[in-house]
Amino acid sequence: MRLNNREDLIRARKEAKAAMEQEKFRILICAGTGCLAGGSAKIYEKLKALVDGNPNVEVEFGAGVAHGPNGECPSAQIAASVTEDKTSAAGGVKKSGCHGFCEMGPLVRIEPYNFLYTKVKEEDCEEIYEKTILNGEPVERLLYEMDGVKYKTQEEIPFYAKQTRLVLKNCGHIDAEHINEYLAVGGYEALEKALFDMTQDEIINEIYDSELRGRGGGGFQTGYKWKQVARQAEKIRYVVCNGDEGDPGAFMDRSVMEGDPHKMIEGMIIAGYAVGAQEGYIYVRAEYPLAISRLKIAIAQAEEAGLLGDNILGSGYSFKLHINRGAGAFVCGEGSALTASIEGERGMPRTKPPRTVEQGLFGKPTVLNNVETYANVPMIIENGAQWYKGIGTEKSPGTKAFAVTGSINNTGLIEVPMGTTLREIVYEIGGGIKNGKEFKAVQIGGPSGGCLIGTDLDLPLDFDSLKKRGAMIGSGGLVIMDEDTCMVEVARFFMNFTQNESCGKCIPCREGTKRMLEILEDIVAGRGTMEQLDMLEELGIAITDTALCGLGKSAALPVLSTLRTFRDEYEEHVLEKKCRTGNCQALRTYKIDHDKCKGCSKCARNCPVGAITGQIKSPYTIDPSKCIKCGACESDCPFGAIEIV
């Protein structure tokens, strides 16, 4: 049924909460993109069949609504789902969003015991059902283990215990496709408060006083942006959500859209009401099909419940949401390029002023924030600005979600207070560097960010501290690198990405990044000169100073930061024609360890240029002048006798 007023919403929330509390058990199967790729859909179906097939356990699975062939949500079923959830009090098997502990997926959480099972396979389902669901006992072999200690509950695992999950609080704990689950944990309380207990100015001032800074890039103050839109003379205004998330290795926004879409939607409705906008657009890259599907479901459910659309909760305020799919252009993460793409134009930045707050989407004043920023809004409205400022640092309050990838034991999605040090993330939450290697660097902020090194491990991760180090939080990607990483190749990789993604509108970015990439390719190929190193730095500074948009201005940061902190590696590539890590193929020198070589001749037989000679049962030798450094000998040697020196 439709919620026509505040009282209806309060009643629906109480009923949803009561229904959840009556459940004797909840099986939450991670159905985020990562775990689905690992087979969690089969785990869901298997556990569903086991519970459904037992006459003593009666559950209507997926408490949510049925989907059509294209992921659409039939309106009659949505309406019924708001206050007439038929899930039995016994419990339910549910598809949750990302639990965050991606290294250990597929993940299954069993409530009320809070057991978290890791690396679950379809064949584990019967044991989970028999031991845990029927008897309440843990399946020991599926529990997370570290340093000989098994952790029964999710909350005890160091990966989770060291976090402060606010934006990600519901991800992994509720059915991502069911509005009742969101209502049961307090969903839309902030919207209710904003519509009925606060004026528009009070909402904006609350966000302004909280000092919430945008979580998508440069950290611009959100409340100030809202104030600028609200004071424009033009009364047609828009609210836009940037869900493009183009940084390699970043998936924070995707996880929120997949695992808790209503939280972001609630934040957008509040923003729309505060600035007087009646339409909003969510811009999501087409490579996020699951996020798009769940957003469509959430929007349809909210519309049928009277939380979106005309006359929301009888307040007289109307707000409609649209989804736009982007083609995956990195530049469309920039505000003016994003709005141009929504309008059907080619995604290219424009000169400023006027800025987006003055003339954004369709030339109208526009609030533009990213997914994580909007997801912070409901909790600020509900708990107040002072509560929010009690988390994080003075100038960067709140929490930040990071996608941690690379050479680290616990990869995944984390959320920590602003100001948390890199050391805490890498060694306490992340479990340290893989294979006992030494920490070398972290690329933070994606292609627009910079490198932090060992001396930065105790640097607080907040907007201002990172800016002083020539880096930036960006959207929150953290790529951890160990001692075997070539920093010159890292710089070349990111510059190749940026150059390919340049929209080509301004000369500094279009031509400058191309020249920088050419120089870096010369260096890793052994053709570099010291003059090119100087030119590389000059080009980087020039692009930073003169590029048209924020993405262009930050394109050279990975190169400039690695030049500053790892110049010795650059010089080694140039002067000694050597890559100490062996990653740059053209600079490798292959040698046969005569103590390990058994004289089997396999390397000589497989060498495409005849660079390896010797006699059977005697050590073989590689002629460096003939070697084309293809690596065939190294991969073929059964005794590990081929070395890179």
Side-chain angles (χ1 to χ4, degrees), residues 213-247 253 257 264-265 267-288 291-292 295 299 319-374 377 448 474-475 501-506 509 547-554:
R213 298 173 68 168
R215 295 317 200 236
F220 192 80
Q221 194 180 36
T222 304
Y224 184 66
K225 187 181 290 187
W226 290 19
K227 279 179 179 281
Q228 288 179 301
V229 172
R231 70 187 183 199
Q232 299 300 315
E234 173 59 62
K235 297 305 178 186
I236 298 176
R237 298 154 184 179
Y238 294 99
V239 171
V240 175
C241 179
N242 180 356
D244 192 57
E245 197 169 48
D247 291 0
D253 289 350
M257 290 186 285
M264 180 198 80
I265 290 170
M268 290 188 71
I269 302 170
I270 293 170
Y273 177 66
V275 304
Q278 294 194 327
E279 282 192 274
Y281 288 80
I282 306 171
Y283 188 86
V284 191
R285 54 180 42 229
E287 293 98 321
Y288 284 0
I292 293 169
L295 283 170
I299 289 171
F319 187 75
K320 297 181 180 180
L321 268 180
H322 313 275
I323 297 176
N324 277 76
R325 290 182 294 177
F330 181 67
V331 73
C332 285
E334 194 275 341
S336 59
L338 184 152
T339 54
S341 182
I342 292 176
E343 294 167 358
E345 303 293 332
R346 181 177 176 186
M348 299 178 77
R350 58 169 172 78
T351 55
K352 305 173 190 66
R355 299 196 174 275
T356 304
V357 293
E358 300 159 338
Q359 294 181 27
L361 185 62
F362 304 120
K364 305 298 182 182
T366 302
V367 168
L368 174 58
N369 292 116
N370 82 323
V371 172
E372 188 180 349
T373 308
Y374 285 120
V377 170
S448 301
S475 61
E501 293 292 335
S502 173
C503 74
K505 186 171 184 178
C506 74
C509 186
L548 173 62
C549 75
L551 296 181
K553 290 180 182 297
S554 58

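Source: prediction; values computed, not measured.
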For the atom pair CZ (Arg350) and CG (Leu548), what is the distance rounded to the nearest 0.5 Å?
10.0 Å
Has the side chain of Gln232 got a donor or acceptor atom that lies under 3.5 Å from a matching backbone atom of Val229?
no
Min side-chain heavy-atom separation Met264-Leu295 under 4.5 Å
yes
Would Asp244 and Phe330 count as a side-chain contact (heavy atoms from CB on, under 4.5 Å) here? Give the steps.
CA-CA 8 Å; Asp244 192 57; Phe330 181 67; 6.0 Å; no
Quick one: does Val331's side chain get under 4.5 Å of Glu501's, heavy atoms only?
no
Heavy-atom check, side chain of Thr356 versus side chain of Val240, under 4.5 Å
no
Would you call Ile236 and Phe362 a side-chain contact if the rule is heavy atoms closer than 4.5 Å?
no
Between Thr339 and Gly360, is there a donor-acceptor pair closer than 3.5 Å when you use the side chain of the first and the backbone of the second?
no
Are Val357 and Tyr224 close enough that some pair of their side-chain heavy atoms sits under 4.5 Å apart?
no
Shortest non-hydrogen separation from Cys332 to Ser341 and the atoms involved
SG-CB, 4.0 Å
Does any N or O in the side chain of Arg285 come within less than 3.5 Å of the main-chain N or O of Gly326, such that one atom is a donor and the other an acceptor?
no
Supply the atom-to-atom distance Asn324 CG to Ile342 CD1, rounded to the nearest 0.5 angstrom.
5.0 Å
Does CZ in Arg325 sit with more than 12 non-hydrogen atoms of other residues, nucleotides or ligands closer than 6.0 Å?
no
Ser554: side chain to side chain donor-acceptor pair (under 3.5 Å) partners, not counting sequence neighbours
Ser448
Side-chain donor or acceptor of Lys505 paired with backbone N/O of Pro349 under 3.5 Å:
yes
Under the side chain to side chain donor-acceptor pair (under 3.5 Å) test against Glu279, which residue among Lys320, His322, Arg237 passes?
His322
Under-4.0 Å salt bridge between Lys352 and Glu334
yes
Between the main-chain N or O of Gly333 and the side-chain N or O of Asn242, is there a donor-acceptor pair closer than 3.5 Å?
yes
Under 3.5 Å: donor-acceptor pair, side chain of Arg215, backbone of Asp253:
no
About how many Å separate CD1 of Ile282 and CG of Leu321, when rounded to the nearest 0.5 Å?
5.0 Å
Please check this pair: side chain of Ser475 against backbone of Glu245, looking for a donor-acceptor N/O pair closer than 3.5 Å.
no
Lys225 side chain to Leu368 main-chain N or O, any donor-acceptor pair under 3.5 Å?
yes
Any side-chain heavy-atom pair from Tyr374 and Ile265 closer than 4.5 angstrom?
no
Taking the side chain as C-beta and beyond, is there a heavy-atom pair between Glu358 and Glu234 under 4.5 Å?
no
Do the non-hydrogen side-chain atoms of Asn369 and Trp226 ever get within less than 4.5 Å of each other?
yes
